[in-house]
Amino acid sequence: MPQEHRLILKHADSPGYTNDLECYVRHGGYEALKKALATAPRELADGKKMSPQEVIRDEVLKSGLRGRGGAGFSAGLKWSFVDRKSGKPIYLICNADESEPGTFKDRQIIHKDPHQLIEGMIISCWANDVKLAYIYIRGEFPEGARILNRALKEARAKGFLGKNILGTGLDVEMHVHRGAGAYICGEETGLIESLEGKRPYPRIKPPYFPAVLGLYMCPTIVNNVETLCHVNHIVTMGSAEYAKLGTPNNTGTRIVSLSGQVKRPGYYEIEVGKVTLGELIHHENFGGGLRDGRQLKAIIPGGSSSKILKAGEVFKVNRKGPDGQMTKVDVALLDLPYDFDSLQAAGTMSGSSAIIVMDDSTDMVEALANLSEFYAHESCGQCTPCREGSLWMAKALHRLTHGHGRKQDADYLVGIAKNIQGRTICAFGEACAWPVLSFVAKFKSEFEAKGAADEARAKSSGSMHQRSSPIAGLHAGKI
Amino acid sequence: MSFSIPADLEAELNELVTHYPQKRSASLMFLHALQEHFGYVSKEAIEWTAKKLDLQPINVYELVTFYPMFRQEPAGRYVMKVCRTLSCQLGGADKLHAHFCGKLGLDVHKHGLQTSKDGKFSVEFVECLASCGTAPVMMCNEDFYEGVSNVKADEILAKAQ
Ligand SMILES: Cc1cc2nc3c(=O)[nH]c(=O)nc-3n(C[C@H](O)[C@H](O)[C@H](O)COP(=O)(O)O)c2cc1C
Ligand code: SF4
Ligand code: FES
């Protein structure tokens with residue numbers, strides 16, 4: 001039977017569990033930090049020695065931990081890119097911006113178990129020679145910011161944070177920094193600019209890879225809240241044990257945010273790849289199925305920026321056969337294991353692990369119009385294709401949902417989206433193009449029917465199309 | 001009204017500056033604190049922040065115009081931020097927004113911030129508040145509410161009276 005496997009959220013919802021330090025310590029909190037700090041250097045076969053910090057970095061690499069923020073990049077590899085020879089300070093930033101529509105997992109950790117995040121960050125700081133770290137939390141989490149600030153204070157008072165941590169001579173300081181309502185602050189280089197006190201205009205890579213030229217042009221690690229929490233468990237369990245959780249190349253557990261038209265929306269922590277999309281939606285341990293009398297229409301599988309999947313789709317996915325050979329097999333949508341690689345093979349991504357379920361009552365044109373308005377509002381405005389294109393797409397969709405559409409709007413939308421993707425500074429370009437490309441590709445008849453009906457109506461009434469600019473102000477202040 | 005910062009607030013802000021190797025980093029936190037104190041970010045607040053952080057006023061002003069949470073005009077005493085993004089829309093966000101607008105005599109078609117005649121309440125649509133599983137959700141000032149039915153919305157209004 002498919003089940004949750006709670007590692008990160010093990011205690012979060014248990015009765016009586018509170019978010020203060022004492023409760024955390026009573027449940028074994030800060031033991032991972034002690035264990036990490038007591039790590040012995042490792043002798044290698046070739047006579048070389050690994051420092052305790054290198055051992056922990058190696059453990060994180062071997063655990064297979066992949067970033068939980070969106071891109072699913074190996075955390076250990078990311079850490080290995082850090083420029084340790086520059087002589088500049090190295091910074092760690094926890095990305096607690098949680099702003100990808102559909103996602104509400106970091107909120108649970110921050111509100112219910114803040115010390116788990118702080119402990120993971122302290123270990124990560126020590127392992128990477130970081131003395132100063134920030135938690136960049138979105139502005140709309142004022143309560144989360146208060147909880148974290150109180151937790152930092154408690155950790156300082158108990159000697160887990162600050163000067164001479166646990167008497168080992170280690171110094172680490174950490175502060176909470178609040179954003180102010182802009183989605184683009186979740187993009188790591190936009191976040192860094194924002195933390196520097198500027199507009200969050202993403203930086204171009206190369207050369208501005210955070211590992212080399214990050215915060216204040218110093219080497220910087222940016223990791224998601226959930227990613228940093230996993231570091232504790234890798235230290236506690238050891239990388240080999242940890243890597244047994246989940247599936248090969250998709251190790252550990254992951255918190256899935258499930259929303260939309262299911263009976264039991266909510267957050268569910270699963271072993272990566274051990275539960276299928278169908279189980280997440282239909283099984284009584286998870287979404288519990290659709291509302292009565294409704295059929296599945298579509299799924300957004302990894303946050304609003306991921307490409308939509310249509311009910312009934314079948315995908316070619318690589319599978320290792322009994323002989324060890326990789327072969328392509330057909331996998332139906334609902335049988336897709338929920339992991340990084342399977343969703344990529346299905347032409348989309350698990351992104352921030354946020355699933356939005358739509359049933360047959362959903363109007364796909366309305367749904368896309370909603371998302372496009374989000375992207376038009378959130379484009380930072382630096383790149384012309386993104387700034388203008390996101391607004392044009394939103395306007396075309398506004399027209400289509402307000403009775404002024406045209407049949408060719410579907411193709412028009414695709415044309416704009418294709419001119420955005422690949423032509424921008426940051427991945428927001430793809431994030432706003434992909435929903436449009438995938439919605440129109442998979443539900444084209446709905447877009448065309450709407451446009452054609454509007455055209456027919458306009459013709460019969462003899463009126464010209466109205467081409468007002470109904471959503472003026474979307475870009476307010478950006479230019 | 002002349003612009004003055006209470007000593008305890010200034011002390012709090014001075015402490016915030018020490019969190020960063022470069023003063024400029026503190027600007028967002030300054031703006032949050034000043035907006036919370038005055039209800040909005042005035043020209044004086046921008047100039048004061050710039051002076052404190054050794055910046056030009058434009059460096060601060062461009063933040064106020066970019067970041068959606070900052071406003072340059074006072075809003076109602078209670079600001080209702082209703083999430084409008086997809087999961088909440090599927091869960092009835094439009095109905096919730098319309099309910100507030102109806103009760104407060106505001107324009108349902110307006111997405112941006114608008115304030116009731118008595119200056120007490122403001123309503124605006126905002127983007128995903130990261131609680132999509134309990135849609136529709138909203139904030140009333142700093143308080144967060146989930147699964148907001150019309151009945152619950154009325155309770156929130158009543159509590160704010
Ligand atoms: C437009 C955009 C928005 C993003 N928003 C977030 C976010 O809200 N939270 C997050 O952790 N990562 C977000 N990311 C991903 C970050 O850029 C970065 O890859 C991530 O924080 C790295 O952490 P990880 O390796 O632990 O996943 C976003 C990326 C893009 C392009
Ligand atoms: S792609 Fe869009 S969000 Fe990203 S830098 Fe360019 S304009 Fe800004
Ligand atoms: S869509 Fe409303 S909280 Fe995410």
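What you see is a predicted model, and the numbers here were worked out from it, not measured in a lab. Chain letters run A, B, ... following the sequence lines, proteins first and then strands; every chain starts at 1. Below, all heavy atoms of this structure are taken into account, side chains as well, without hydrogens, waters or symmetry copies.
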Need one label for [X]: side chain, backbone, both or neither, based on atoms under 4.5 Å from any heavy atom in chain A.
X	answer
B:His32	side chain
B:Phe30	neither
B:His111	side chain

Select one option (side chain, backbone, both, neither) describing which atoms of [X] are under 4.5 Å from chain B's heavy atoms.
X	result
A:Leu215	neither
A:Thr362	side chain
A:Arg107	side chain
A:Tyr134	side chain
A:Thr103	backbone
A:Tyr183	neither
A:Val357	backbone
A:Ile356	side chain
A:Met358	side chain
A:Lys105	neither
A:Arg138	side chain

Of all residues at least two apart in sequence or in a different chain, which pass the side chain to side chain contact (heavy atoms under 4.5 Å, CB included) check with B:Val60?
B:Leu31, B:Ile46, B:Thr49, B:Ala50, B:Leu55

Using side chain to side chain contact (heavy atoms under 4.5 Å, CB included) as the criterion, list what pairs up with B:Gln89, not counting sequence neighbours.
A:Asn370, B:Leu86, B:Asp94

Identify whether the distance between the nearest side-chain nitrogen and carboxylate oxygen of B:Glu62 and A:Lys198 falls below 4.0 Å.
no

Say whether [X] and [Y], considering side chains only, have a donor N or O and an acceptor N or O under 3.5 Å apart.
X	Y	value
B:Thr65	A:Arg199	yes
A:Tyr268	A:Ser257	no
B:Asn14	B:Lys52	yes
A:Glu100	A:Ser352	no

Atom of [X], atom of [Y] and distance for their closest heavy-atom approach:
X	Y	answer
B:Met69	A:Glu140	SD-N, 3.9 Å
B:Ala75	B:Leu113	CB-CD2, 4.0 Å
B:Met29	B:Leu16	CB-CD1, 3.8 Å

Partner chain B: residue of [options] with the largest heavy-atom pair count (under 4.5 Å):
options	answer
A:Ser99, A:Gly266, A:Gly179	A:Gly179
A:Cys185, A:Pro200, A:Pro101, A:Ser194	A:Pro200
A:Gly181, A:Ser259, A:Ala180	A:Ala180

Out of B:Tyr67, B:Tyr20, B:Phe144, which one racks up the most heavy-atom pairs below 4.5 Å with chain A?
B:Tyr67

Please determine, among B:Val64, B:Leu90, B:Leu53, B:Asn59, the option with the most heavy-atom pairs under 4.5 Å with chain A.
B:Leu90

To the nearest 0.5 angstrom, please state how far the SG atom of A:Cys380 sits from the CZ atom of A:Arg387.
9.0 Å

d(B:Ser131 OG, B:Met138 CE) to nearest 0.5 Å is 13.0 Å

